[in-house]
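Count residues from 1 along the sequence.
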Amino acid sequence: VRQAIVLSPNAPLFVAPGDEFEASVAVANGVKGSGAGAAARVTLKSSGHLELIGESLKTINVGENHESVAVFRLRSRPALGAAVLTFEASISSETARREVSLSVRPSMPYQVTLETGHLKSGRKEAPTPRKLYPSFRTLEASVSPLPLILAKGLLQYLQKYPYGCTEQVLSQTFPALILRHRPEFGYAPETVEANLAQAVDILRSRQNEDGAFGMWAANSHVSPFQAVYAAHFLTEAKEKGYSVPPELLDRSLVYLTALASDAPGLDAPPRVQAYAIYVRTRNGRVTTPLINGMRARLEKNGDKSWRKDLTAAYLASSYSMLHLDGQSDSLMNGVSTGEPRTPDWEWFYDDSIHEAQYLYLLALHFPARIASLDADAVLRVVAPLQRGSYNSLSAAYAILALDAYASAAGELKPGEVRLDEVREAGGRQALVLPPGLFSKSAFTPAAKAISVENLSSRRLFYQTTQSGYDLAVPKEPVRRKLEVFREILDDKNQPVKAAELGRDYTVRLRLRSLDGAYVPNLAIVDLVPGGFEPVWKDRPDGDSNGVEYQDFREDRVLFFGSAGASVLELTYRIKAASRGRFTVPPPFAESMYDRSVFALGSAGALEVK
């Protein structure tokens, strides 16, 4: 069975705003009696994402039982999303129509920018400097007397988080478990169930024979911290009444026992071992022997610094659950807060994580202390958010801490506040805030800042959220403790000035730490230019010593690993699939945990002939 006219469209899978490219359609003429000199009238209509350059109607000669091609040229507009091309061909009295879609994808990654603060009186302005594409854009201001309001922006950040190691998957899911009972955050029961089911499926697929969870798969590449964090997640889910596969949690607790016992081959700092003991205690296990054994090892070392660390806070909370209140209070009294902490990204620790976990443990296991807690303890959790010094883990921990604090602090009345949008062109526009403890309001792209005025005597917490894709691509590379450079090479290993349709090319990425320091937990992302397609391989080329995991997608390639003073070189292949002139997006690399480490390469343009 065949149609009288068969259309075979061809267009790029994706383009960037401003790209010019060709889209074609092959017309096969099966119209009986149309003859060798038949003509086909071919038209192209596009959605608002694209504009035609030249005529929308082409007349081509296509004889009966033959095929010809009509070629159109288009330019992508600054409108993101799924663009639709509709081809229609007529021969004699027969007509055929086909649609093909492509993505108008920006040249910059999706980013969430939070401006966070608090004020007891007076007025402050929160700048809103980014200029974003209208599509997929969120502009929102929120305010509350409870610092939990800051979770709204953190939720945006976590929900749009682009990577997927075990910690990141769980950190994205934790808020659904924690905030499900607070309708202001919009978690429907079915959403929580779906998020939890997905996270559990991932944990099943990544649990190895020891009961630990691999960072990316069920293999020996395990982070002991992430394994404890996964058990903590499953414990929270179980305690909140969700169905958790018993064998999944039980096997993870076996690993935690070995980790806390200082078993050979399982090296981890005392903080992570104490975290493992804490999670086991939360599961009803008697952990007194583990605590005593760990304290004996710590005392033997002679280093007393652990008493000020989260190590002591985890052990104190375990003592509290075991009803050993004297030892519990003694240890918790010694834990320090407000002191600068040396970041240890290999073991997922910095001052923001310390302060958030301390407040969480205090609110959960020592609620009587919350009433006498000074404001600075809460502000120390908020401070890293104000500095922009947060990541997927500290964001999840902050939500845990602020929710536990809100529950322990009791009911508060909404504060009186005024929010104004400060316009770039001058003037102000008042934002309408709905009543309630957690108020939020959208602002417009015309705002250059949001003015927050506290009209009450109670401290208020505020946050502005700008999330979306930036309109402009930086003209110069960005280097913050890291440098990334990308070349597109031909078969002679020379940079390409123009590409030929149908040929393969090598993309070479080079990365290094600028100060020579070792930088773990890096994500390196390279967006493929429009008009090209990745050449699929089981494993991209590269230095396996610096790369732990690779992810090939339709429009980008992602590498995860580490870098140092030596140049890390990575290569993969792409194929020129469509003619046109295309934006070459800048490659970028970032530490997934240290927000001060970031690099953006140079953007460019490349023609495919």
Side-chain angles (χ1 to χ4, degrees), residues 114 116-121 124 143-154 174-175 178-179 182 271 274-275 278 305-321 325 328-343 348-391 393-413 415 437-438 454 456-463:
L114 307 179
T116 297
H118 61 89
L119 70 164
K120 195 169 183 179
S121 62
K124 286 186 179 180
V143 64
S144 173
L146 279 173
L148 185 58
I149 190 67
L150 308 182
K152 286 187 176 291
L154 294 177
F174 244 131
I178 303 305
L179 301 174
R182 299 187 183 274
R271 185 186 315 112
Y275 190 15
Y278 169 75
S305 61
W306 69 271
R307 290 181 174 272
K308 296 183 178 182
D309 187 73
L310 280 179
T311 305
Y314 286 129
L315 294 181
S317 300
S318 299
Y319 275 137
S320 177
M321 288 184 281
D325 296 335
S328 171
D329 289 336
S330 175
L331 274 183
M332 202 65 178
N333 290 339
V335 179
S336 66
T337 60
E339 296 180 6
R341 309 275 164 176
T342 302
F348 305 90
Y349 181 71
D350 68 350
D351 53 357
S352 63
I353 289 170
H354 178 96
E355 300 296 342
Q357 279 289 271
Y358 173 77
L359 183 60
Y360 167 72
L361 295 170
L362 199 70
L364 204 60
H365 301 289
F366 303 87
R369 300 190 182 200
I370 291 296
S372 60
L373 194 67
D374 62 20
D376 288 343
V378 180
L379 297 180
R380 283 192 287 268
V381 176
V382 174
L385 308 181
Q386 292 179 258
R387 301 194 303 266
S389 178
Y390 54 87
N391 52 52
L393 178 64
S394 62
Y397 273 158
I399 292 172
L400 278 170
L402 296 176
D403 178 74
Y405 172 79
S407 298
E411 291 296 324
L412 287 176
K413 293 182 179 180
L437 196 57
F438 301 100
N454 189 355
S456 66
S457 59
R458 181 184 296 121
R459 187 185 302 273
L460 292 177
F461 297 86
Y462 65 86
Q463 186 176 71

Step by step, work out the side-chain contact (heavy atoms from CB on, under 4.5 Å) result for Y462 and L119. CA-CA 8 Å; Y462 65 86; L119 70 164; 3.7 Å; yes
Apply side chain to side chain donor-acceptor pair (under 3.5 Å) to S456 and list each qualifying residue two or more places apart in sequence or on a separate chain.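 S456 satisfies side chain to side chain donor-acceptor pair (under 3.5 Å) with N454 once adjacent residues are dropped.
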Nearest 0.5 Å, what's the [atom1]-[atom2] distance between [X] and [Y]?
| X | Y | atom1 | atom2 | result |
| --- | --- | --- | --- | --- |
| S320 | L315 | OG | CG | 12.5 Å |
| R387 | L385 | CZ | CG | 9.0 Å |
| S144 | F461 | OG | CZ | 8.5 Å |
| Y275 | F348 | OH | CZ | 11.5 Å |

Residues in salt bridge (charged side-chain N to carboxylate O under 4.0 Å, His left out) contact with R341, at least two apart in sequence or another chain: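 Here no residue qualifies.
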Could you tell me which residues satisfy salt bridge (charged side-chain N to carboxylate O under 4.0 Å, His left out) with D309, sequence neighbours excluded, listed by chain and number? R271
Do [X] and [Y] get their side chains close enough for a donor-acceptor pair, meaning under 3.5 Å?
| X | Y | answer |
| --- | --- | --- |
| N391 | S394 | yes |
| Q463 | T116 | yes |
| Q357 | Y314 | yes |
| Y349 | H354 | yes |

Got a donor-acceptor contact below 3.5 angstrom from the S328 side chain to the A316 backbone?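 Yes: the side chain of S328 pairs with the backbone of A316.
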For the backbone of H118 and the side chain of K124, can you confirm whether one donor and one acceptor N or O come within less than 3.5 Å of each other? yes
Taking P175 as the fixed residue, which of I399, D403, L154 is the one that meets the side chain to side chain contact (heavy atoms under 4.5 Å, CB included) rule?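 So the option named by the test is I399.
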Return the minimal non-hydrogen interatomic distance between [X] and [Y], and the atom names on each side.
| X | Y | value |
| --- | --- | --- |
| L179 | A151 | CD1-CB, 4.3 Å |
| M332 | A313 | SD-CA, 3.9 Å |
| V382 | P147 | CG2-CB, 4.2 Å |
| A406 | R182 | CB-NH2, 3.6 Å |

Please list, one pair per line, the donor and acceptor atoms closer than 3.5 Å that link side chains of residues 359-367 to other protein atoms, with sequence neighbours excluded.
residue	atom	partner	partner atom	Å
Y360	OH	H232	NE2	3.2
Y360	OH	E236	OE2	2.3
Y360	OH	R282	NH1	3.1
H365	NE2	Y278	OH	2.7

When you compare the side chain of I149 with that of V143, does any pair of heavy atoms fall below 4.5 Å?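 The answer is no, as the side chains (C-beta and beyond) never meet within the 4.5 Å cut-off.
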Taking the side chain as every heavy atom from C-beta outward, state whether L331 and W306 have any pair of such atoms under 4.5 Å apart.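 SC-SC contact between L331 and W306 confirmed.
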Any salt bridge (Lys or Arg N to Asp or Glu O under 4.0 Å) involving residues 353-370? Give me the pairs, sequence neighbours left out, ordered by first then second residue. D329-R369, E355-R380
Report the residues that fulfil side-chain contact (heavy atoms from CB on, under 4.5 Å) with S330, sequence neighbours left out, ordered by chain and then residue number.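 Not a single residue meets the side-chain contact (heavy atoms from CB on, under 4.5 Å) criterion with S330.
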